[in-house]
Amino acid sequence: MRFKTSLAKDAKHSELVSCVAWTTSEELYSCSDDHTILRWKLLSDETTTLAKLPSDVYATDIHFFPKGLGGKTKQPQADVFVLTSTDGKFLLISKSGRVEKSVDAHRGAVLSGRWSYDGTAMATAGEDGQVKIWSRSGMLRSTLAQTGSPVYSIGWSPDSDQVLFTNGKQLIIKSMQANAKPIQWKAHEGVILKVDWNPVNNLILSGAEDCRYKVWDSYGRQMYSSHPHEYPIVSVSWAPDGQLFAIGSFNTLRLCDKSGWSYALEKPNTGSLFCIAWSGDGTQVAGACGNGHVIFAQVIERRLEWKNFEVVVISRKTIHVRNVTNDAKEKLEFRDRIIKTSIGFDHLVVATSSQCYVYSTKNWNTPMIFDLKEGTVTLIVQAEKHFAIVDSAGIHLYTYEGRLLSSPKFPGMHSETLSAQSLCVSNDTVAVRDKSDEKLVHLFDSATSRQVDNKPLAHKLEIVEIAMDQCGPASDRHLAIVDKNRDLYLSTVRNVGKPPKIVKLGNMISSLAVNDGTNMLAALQDSKLTVWFYPSVAYVDRELLPLTIMVKDASEFGKNPQIVDFLGNHLTIRRADGALVSTGISPYPAMLHDLVNSSRWEDAVRLCRFVKDQALWACLAAMASYAKELNTAEVAYAAIDAADKVQYILYTENIM
């Protein structure tokens with residue numbers, strides 16, 4: 001993956017550009033020290049002057065009111081942006097360029113102004129060391145903090161109830177509740193210049209005069225620290241979906257993965273990049289350059305792999321598909337800009353700015369095409385029979401023939417913050433973690449979008465990640481849950497009026513994946529790779545659980561690895577430096593699953609006798625007990641020397 005940068009021949013601004021902001025994915029506003037606000041229309045390649053600021057006003061920051069929050073009655077509000085300036089004021093300016101309100105906010109320059117994600121408030125930070133909270137109409141609500149040094153940058157928490165701000169070399173997170181204790185930590189060796197807090201992955205990004213950028217979690221724990229660059233890091237910005245971020249420095253633009261490692265480095269001749277902004281669809285960035293230019297950069301060469309197919313987005317409207325087994329190549333052209341792609345379960349799903357294309361991997365010539373109501377797709381999650389598309393209007397389930405199945409929703413659902421960790425889809429069930437109460441998972445029937453059991457699944461702690469098995473009947477569906485203590489639990493999904501059965505499988509889980517073809521579960525657990533061959537054994541015979549697990553040393557994957565996918569008997573793992581590593585597991589558990597699913601019990605016993613592996617016998621014992629196949633269970637328990645269980649089964653058979 002890399003950036004494809006473009007600069008206009010001549011600079012449109014005569015002085016340095018201080019800040020940029022997107023209104024749509026095709027329209028951008030830029031402010032400069034030449035006191036003009038320019039509007040850039042990318043489709044027609046036009047640049048027009050929106051407004052001229054007074055000669056003593058120098059813009060420092062610009063931020064648009066969050067999209068989709070205008071509401072029916074207050075729609076005009078959605079087209080307002082806040083502009084902060086060096087004369088201590090902030091201006092609320094409409095999209096037409098009219099100044100709606102001018103407010104004296106700080107002594108000295110106002111250095112940053114940001115709307116909260118829910119659009120209910122705005123925060124400003126000043127040279128006077130103060131952080132202030134304002135209503136959406138520009139009335140002062142409170143002074144949140146008073147520090148002794150200028151506050152260069154601020155950011156809101158995902159649920160808009162905390163504000164992150166800089167204080168010299170420190171970062172401070174302060175809650176809007178008056179009596180809550182702030183979280184404060186030394187983050188850099190130099191003055192911190194820019195921060196950004198992503199609402200989807202809840203991670204914080206900071207850049208400073210020590211020439212490093214760092215990634216933090218919301219508790220102030222360091223997730224990544226870069227090597228020192230040649231020059232200070234003056235701008236940082238998360239992509240909307242939280243998968244990528246961009247870093248700006250002198251003549252430097254860097255594209256990075258959310259875990260910190262760098263995809264690509266561009267060295268444009270721009271001077272310092274004072275501000276970086278991502279378009280709403282996450283396909284391009286704009287940068288405010290010190291030499292009067294505005295730089296545009298497209299994200300290209302996004303690469304997806306699935307089994308023997310490699311899919312690469314090579315330009316805005318073109319995808320290359322390669323079958324690595326026979327080197328057959330396909331070139332797919334699209335009418336509009338490609339926003340999201342996903343491949344799995346023998347289908348490639350491509351969302352453009354107006355349509356969705358569904359290709360079968362067996363036939364690349366005739367895709368299923370249907371129109372999308374909302375432009376920007378933020379997430380695609382696939383299952384065997386259908387897939388979910390997430391946009392600002394909600395979650396929509398489509399079959400691979402392009403038919404809309406259902407649109408599950410619940411009150412207070414924020415679809416724009418959903419990620420692959422908080423949304424799972426199987427053939428019969430959709431699971432969504434609630435953002436406003438992270439202890440809840442809402443479960444829906446795929447076909448009807450009715451809530452399963454009429455109430456959400458409640459866990460005792462906040463949930464970080466969920467994953468759902470894909471195989472077997474709906475009544476056997478299970479949900480894997482990782483909570484904020486990093487403990488792994490398995491829960492039943494269809495409980496028919498009874499409370500869900502939740503059992504603990506493991507602890508210190510850093511990454512999780514469910515197999516695509518069987519109900520095996522893999523996790524990275526405290527420098528070990530653990531695979532549960534039959535997780536449901538926890539409900540059948542708890543004593544068999546340790547026998548049905550494969551544990552492998554994961555130190556070869558380095559620090560902080562992540563499981564990318566678990567297909568067949570292969571696991572793909574991404575190391576902390578971005579390298580992809582493959583590892584395999586025994587093919588026999590998957591074969592056993594297939595035999596049991598088709599009720600071929602004698603063949604399953606034959607397979608276990610051939611392999612002579614205790615883990616396989618233990619899996620068969622649990623599967624047979626669950627299916628009430630007592631003869632097979634008796635043989636399997638005998639093979640693992642569980643004499644008491646064999647006796648009990650014989651006793652049960654005598655009664656029957």
Side-chain angles (χ1 to χ4, degrees), residues 112 114 116-117 123 125 131 144-145 147 149 151-176 180-229 232-249 254-262 276 278 417 419 421-422 435 438 462 464-465 482 484-486 510-511 558-562 574 576-578:
S112 185
R114 299 274 112 181
S116 62
Y117 290 110
V131 177
L144 190 69
T147 67
S149 56
V151 178
Y152 287 106
S153 187
I154 46 175
W156 285 88
S157 69
D159 38 18
S160 301
D161 64 352
Q162 293 172 303
V163 174
L164 161 76
F165 57 92
T166 67
N167 178 24
K169 300 172 186 178
Q170 291 188 316
L171 287 177
I172 301 171
I173 297 174
K174 200 154 186 330
S175 171
M176 305 293 277
K181 195 167 174 277
I183 303 170
Q184 186 168 342
W185 72 97
K186 184 182 177 185
H188 287 266
E189 293 302 321
V191 173
I192 301 165
L193 301 174
K194 216 36 165 244
V195 291
D196 195 13
W197 194 343
N198 186 266
V200 178
N201 61 30
N202 202 13
L203 294 176
I204 292 166
L205 193 53
S206 62
E209 284 186 350
D210 62 1
C211 306
R212 294 176 191 268
Y213 63 85
K214 298 186 182 186
V215 181
W216 311 87
D217 71 5
S218 57
Y219 303 102
R221 290 186 296 235
Q222 184 176 299
M223 314 300 279
Y224 182 84
S225 173
S226 74
H227 295 299
H229 289 59
I233 306 295
V234 288
S235 53
V236 298
S237 182
W238 281 107
D241 66 0
Q243 294 299 313
L244 304 169
F245 62 84
I247 296 294
S249 182
R254 193 182 275 280
L255 176 66
C256 305
D257 183 78
K258 69 173 179 192
S259 49
W261 53 273
S262 176
I276 295 175
W278 284 84
T417 61
S419 68
Q421 280 74 45
S422 56
K435 184 74 187 161
E438 294 186 343
E462 286 82 0
V464 178
E465 187 174 350
V482 179
K484 76 169 189 184
N485 279 358
R486 290 284 163 196
S510 59
S511 183
K559 209 178 127 199
N560 253 345
Q562 295 289 313
R574 197 180 284 283
D577 60 2

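Index from 1, following the sequence. Note: hydrogens, waters and symmetry copies are ignored here, and every other heavy atom, side chains too, is used.
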Participant: Please determine whether side chain to side chain contact (heavy atoms under 4.5 Å, CB included) holds for the pair Val234 and Lys194, giving the CA-CA distance in whole Å, both sets of side-chain angles, and the decisive distance to 0.1 Å.
Facilitator: CA-CA 6 Å; Val234 288; Lys194 216 36 165 244; over 6 Å; no
Participant: Determine whether a donor-acceptor pair (N or O, by modelled atom type, separation under 3.5 Å) exists between the side chain of Thr417 and the backbone of Pro199.
Facilitator: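 No, because the side chain of Thr417 does not come within donor-acceptor range (under 3.5 Å) of the backbone of Pro199.
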Participant: Measuring from Asn201:CG to Ser419:OG, what's the distance to the nearest 0.5 Å?
Facilitator: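 Here the interatomic distance stands at 8.0 Å.
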Participant: For the NE2 atom of His188 and the SG atom of Cys211, what is their distance to the nearest 0.5 Å?
Facilitator: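 Separation between the atoms: 11.0 Å.
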Participant: Under the side chain to side chain contact (heavy atoms under 4.5 Å, CB included) rule, what do Leu244 and Leu255 come out as? Steps first, then yes or no, please.
Facilitator: CA-CA 7 Å; Leu244 304 169; Leu255 176 66; 4.2 Å; yes
Participant: How many angstroms lie between CH2 in Trp216 and CG in Leu164, if you round to the nearest 0.5 Å?
Facilitator: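 Going from CH2 on Trp216 over to CG on Leu164, the span is 11.0 Å.
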Participant: If you apply the rule side chain to side chain contact (heavy atoms under 4.5 Å, CB included), what do you find for Asn560 with Ser259, and how did you get there?
Facilitator: CA-CA 9 Å; Asn560 253 345; Ser259 49; over 6 Å; no
Participant: For Ser160 and Tyr117, indicate whether the former's side chain and the latter's backbone hold a donor-acceptor pair under 3.5 Å.
Facilitator: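 Indeed, once roles are kept as given, a pair shorter than 3.5 Å links the two residues.
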Participant: What distance separates Ser218 OG from Asp159 CG, expressed to the nearest 0.5 Å?
Facilitator: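 One finds 9.5 Å between OG of Ser218 and CG of Asp159.
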Participant: Answer whether the closest heavy-atom distance between the side chains of Met176 and Val163 falls below 4.5 Å.
Facilitator: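 Sidechains of Val163 and Met176: in contact.
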Participant: By the definition ring-ring contact (aromatic ring centres under 6.0 Å, His included), identify the one residue from Trp238, Trp278, Trp261, Trp197 that meets it with Phe245.
Facilitator: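 Result for ring-ring contact (aromatic ring centres under 6.0 Å, His included) with Phe245: Trp238.
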Participant: If you apply the rule side chain to side chain contact (heavy atoms under 4.5 Å, CB included), what do you find for Ile172 with Gln184, and how did you get there?
Facilitator: CA-CA 4 Å; Ile172 301 171; Gln184 186 168 342; 3.7 Å; yes
Participant: Look only at the side chain of Asn198 and the backbone of Ala239, and say whether a donor-acceptor pair between them is shorter than 3.5 Å.
Facilitator: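 It does hold such a pair.
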Participant: Taking side-chain contact (heavy atoms from CB on, under 4.5 Å) as the definition, give me every residue that meets it alongside Lys169, ordered by chain and number, with sequence neighbours left out.
Facilitator: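 Counting only residues at least two positions away or on another chain, Lys169 forms a side-chain contact (heavy atoms from CB on, under 4.5 Å) with Lys186.
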Participant: Going by atom types only, do Ser175 and Asp161 share a side-chain donor-acceptor pair under 3.5 Å?
Facilitator: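 Side chains of Ser175 and Asp161: no pair found under 3.5 Å.
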Participant: Val215 and Gly260: which non-hydrogen atoms are nearest, and at how many Å?
Facilitator: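 Shortest heavy-atom contact: CG2-CA, 4.4 Å.
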Participant: Quick one: does Met223's side chain get under 4.5 Å of Leu203's, heavy atoms only?
Facilitator: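 In contact.
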Participant: For Glu438, enumerate each residue passing the salt bridge (Lys or Arg N to Asp or Glu O under 4.0 Å) test, keeping only those at least two apart in sequence or located in another chain.
Facilitator: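 Checked Glu438 against salt bridge (Lys or Arg N to Asp or Glu O under 4.0 Å); matches are Arg433, Lys435.
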Participant: State the OG1-CD distance between Thr147 and Gln170, to the nearest 0.5 angstrom.
Facilitator: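 Answer for the OG1-CD pair, Thr147 versus Gln170, is 10.0 Å.
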Participant: Which heavy atom of Val236 sits nearest a heavy atom of Ser206, and at what distance?
Facilitator: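 Shortest heavy-atom contact: CG1-C, 4.1 Å.
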Participant: Within this structure, what is the CH2-CG distance for the pair Trp156 and Asp196, rounded to the nearest 0.5 Å?
Facilitator: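 Output value for this atom pair is 14.5 Å.
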Participant: Among Val131, Leu193, Ile192, find the one that has a side-chain contact (heavy atoms from CB on, under 4.5 Å) with Thr166.
Facilitator: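 Single side-chain contact (heavy atoms from CB on, under 4.5 Å) partner of Thr166 among Val131, Leu193, Ile192: Ile192.
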Participant: Does Tyr213 reach the side chain of His229, with side-chain heavy atoms less than 4.5 Å apart?
Facilitator: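 They are in contact (side-chain heavy atoms under 4.5 Å apart), so the answer is yes.
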Participant: So with a 6.0 Å cut-off around CD of Glu189, is the heavy-atom count from everything else above 12?
Facilitator: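 Count not over threshold, so no.
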Participant: If you look at every heavy atom in Gly190 and Ala208, which pair is closest and at what distance?
Facilitator: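 That would be O-CB, 3.9 Å.
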Participant: For the side chain of Lys214 and the backbone of Ala187, is there at least one donor-acceptor N/O pair under 3.5 Å apart?
Facilitator: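 Here the side-chain-to-backbone pair exists.
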Participant: Which atoms form the tightest heavy-atom contact between Pro561 and Ser510, and what is the distance?
Facilitator: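 Smallest heavy-atom distance, with atoms named: O-OG, 4.3 Å.
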Participant: Listed by chain and number, what are the salt bridge (Lys or Arg N to Asp or Glu O under 4.0 Å) partners of Arg114, not counting sequence neighbours?
Facilitator: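 Asp61.
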